[in-house]
Amino acid sequence: EKGGYEHFMLKEIHEQPKAVQDTVGAYVKDGAIDFTEVGLTDETLKNLERIYIVACGSAYHVGMAARYVLEDMVRIPVEVDLASEFRYRNPILVPNSIVIVISQSGETADSLAALRLAKERGIPVLGIVNVVGSSIARESDYILYTYAGPEISVATTKAYSTQLIATYLLAVQAAKVKGTIDDKRYTDLIAEIQTLPGKIQKTLDDKERIQWFASKYANAKDIFFIGRGIDYAISLEGSLKMKEISYIHSEAYAAGELKHGTISLIEDGILVVGVLTQKNLFEKTLSNMVEVKSRGAYLMGLTTYGNYNIEDTADFSVYVPKTEEYFATSLAIIPLQLMGYYVSVAKGLDVDKPRNLAKSVTVE
Ligand code: F6R
């Protein structure tokens with residue numbers, strides 16, 4: 001049942017090219033996005049003035065990445081909330097808005113409660129859900145299924161990757177109908193999304209270097225992940241993957257926030273992972289990496305092929321294929337998933353069933 005892999009997590013990491021391919025294939029027909037199955041019309045997208053994204057855990061991290069993509073591409077405000085916060089803060093939900101609930105299981109108690117709150121207030125809900133017929137899928141007004149297939153490992157990988165795709169497709173279609181991108185850009189963005197499965201596969205093919213590095217750092221006590229913009233969203237998920245299965249304390253910080261407190265934690269030998277996939281933020285994050293290095297941190301740099309000057313600063317560099325910067329999360333997350341996995345294996349932990357965690361959190 002593990003298809004020759006040692007753990008479900010490793011199997012599911014390797015299923016990502018297919019999961020992404022299946023999700024793209026479900027909604028892209030003849031080079032155009034078709035949301036008929038979702039129930040979302042161009043008319044509805046055209047009238048949208050605000051988007052609220054609500055989710056928990058890794059699905060929330062998808063929302064964090066999606067906000068950068070949606071706001072930049074579609075030019076409407078996007079708010080992202082943890083479901084357990086949203087439901088208790090009496091949120092202001094404006095007309096002509098939509099609430100997007102992202103959930104692999106479709107049963108997460110707080111996400112379901114957030115969905116019900118939105119509906120009570122008369123705001124339509126779009127569910128991005130993996131499990132067919134789950135509560136969130138049934139109660140959503142629009143349902144965009146991800147096609148990750150069953151996910152067994154508690155730590156999500158392939159569902160997360162397909163959720164990202166769902167948000168890209170939504171952004172590209174909304175941008176088209178709102179006229180913030182032209183037809184050529186629309187076609188090019190879709191074509192780029194279609195290249196992602198191959199590029200994820202290429203990233204997976206480099207896994208041995210990550211395995212080697214992970215075994216070297218398996219005894220680390222603390223790891224910090226830093227990045228800006230989309231790279232910050234990637235850092236959040238990289239950090240969660242690390243801590244939940246390896247039990248190493250890890251934190252993600254917006255790189256610019258370091259000097260507002262966290263930098264006092266940096267001392268000799270602490271591992272700091274810098275994520276640098278966004279050209280306009282590269283130099284900024286790099287200078288934060290130089291700062292922590294001068295305080296003794298050991299640096300891993302995660303960037304795209306071509307940015308070889310990272311090696312002047314980073315002690316260990318990992319490269320992912322180039323893609324449209326909006327979609328960089330889909331590639332940069334792969335080495336970070338592998339790192340969490342291999343650290344957990346090196347420590348001899350129960351990778352697929354980390355202590356204290358459940359696959360589906362149906363209590364509040
Ligand atoms: C982390 C993880 C969790 C889930 C969260 C939401 O690897 O799997 O953080 O992302 O519990 O679960 P769903 O997506 O089922 O609502």
Side-chain angles (χ1 to χ4, degrees), residues 7-13 15-16 19 23 53-66 80-87 99-116 118 125-140 143-167 225 233-248 250-252 329 333-334 336-341 343-344 349-364:
H7 299 99
F8 282 110
M9 184 176 177
L10 191 62
K11 173 172 179 263
E12 289 162 4
I13 285 174
E15 284 171 348
Q16 290 180 107
T23 304
I53 303 179
V54 185
C56 301
S58 297
Y60 168 75
H61 297 156
V62 170
M64 289 291 286
V80 189
D81 266 289
L82 292 163
S84 56
E85 289 293 312
F86 179 85
R87 55 181 296 207
V99 171
I100 302 179
V101 178
I102 308 177
S103 176
Q104 187 284 129
S105 63
E107 301 296 347
T108 301
D110 284 315
S111 303
L112 183 58
L115 172 154
R116 289 178 179 156
V125 173
L126 164 65
I128 296 179
V129 175
N130 195 49
V131 176
V132 176
S134 56
S135 303
I136 294 173
R138 278 184 280 112
E139 295 189 30
S140 292
I143 174 74
L144 199 168
Y145 278 117
T146 51
Y147 289 87
E151 194 178 60
I152 311 290
S153 176
V154 165
T156 183
T157 53
K158 61 176 181 167
Y160 167 89
S161 283
T162 58
Q163 289 161 355
L164 283 173
I165 297 297
T167 66
F225 294 78
I234 298 168
S235 298
L236 288 167
E237 177 61 5
S239 172
L240 182 61
K241 284 285 90 76
M242 181 55 73
K243 74 178 77 166
E244 69 177 329
I245 53 175
S246 78
Y247 312 155
I248 294 176
S250 70
E251 301 286 341
T329 314
I333 198 57
I334 306 293
L336 301 182
Q337 293 171 342
L338 287 165
M339 227 166 87
Y341 173 77
V343 169
S344 180
L349 300 174
D350 191 351
V351 181
D352 287 332
K353 285 198 177 64
R355 67 186 180 201
N356 309 340
L357 290 173
K359 180 67 183 161
S360 173
V361 183
T362 53
V363 292
E364 298 177 16

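Every number for a ligand or one of its atoms is a count from 1 in the order of the listing. Here, residue 1 is the first one in the sequence, and each next residue gets the next number.
- In this structure, the side chains of L115 and S140 come closer than 4.5 Å at one or more pairs of heavy atoms.
- Counting non-hydrogen atoms of neighbouring residues, nucleotides and ligands closer than 6.0 angstrom, the NZ atom of K353 reaches no more than 12 such neighbours.
- Ranking the protein heavy atoms by distance from atom 16 (O) of ligand 1 puts T108 OG1, 2.5 Å first.
- Interatomic distance, T146 OG1 to N130 CG, rounded to the nearest 0.5 Å: 3.5 Å.
- Considering each of K359, Q163, E244, the one bringing a non-hydrogen atom nearest atom 7 (O) of ligand 1 is E244.
- Test I102, V361, V54, V101 against S111 for side chain to side chain contact (heavy atoms under 4.5 Å, CB included) and you get one pass: V101.
- Ranking the protein heavy atoms by distance from atom 11 (O) of ligand 1 puts V361 CG2, 4.2 Å first.
- In the candidate list L240, I102, V154, V154 is nearest to atom 8 (O) of ligand 1, counting heavy atoms.
- Residue S105 has at least one nitrogen or oxygen atom sitting less than 3.5 Å from a nitrogen or oxygen atom of ligand 1, judged on distance alone.
- At a threshold of 4.0 Å, the pair E139-R116 counts as salt-bridged, since one of the basic side-chain nitrogens sits closer than that to a carboxylate oxygen.
- The two residues T156 and E237 have their closest heavy-atom pair at O-OE2, 4.1 Å.
- Atom 5 (C) of ligand 1 has as its closest protein heavy atom C56 O, 3.6 Å.
- If you check which protein heavy atom lies closest to atom 10 (O) of ligand 1, you get S58 N, 3.1 Å.
- Shown in contact with A155 at under 4.0 Å from a heavy atom are these atoms of ligand 1, numbered in order with element: 7 (O).
- Of the possible polar contacts, none joining the D352 side chain to the V154 backbone as a donor-acceptor pair under 3.5 Å is found.
- Residue nearest to atom 14 (O) of ligand 1, selected from K241, H61, E107, Q104: Q104 (by heavy-atom distance).
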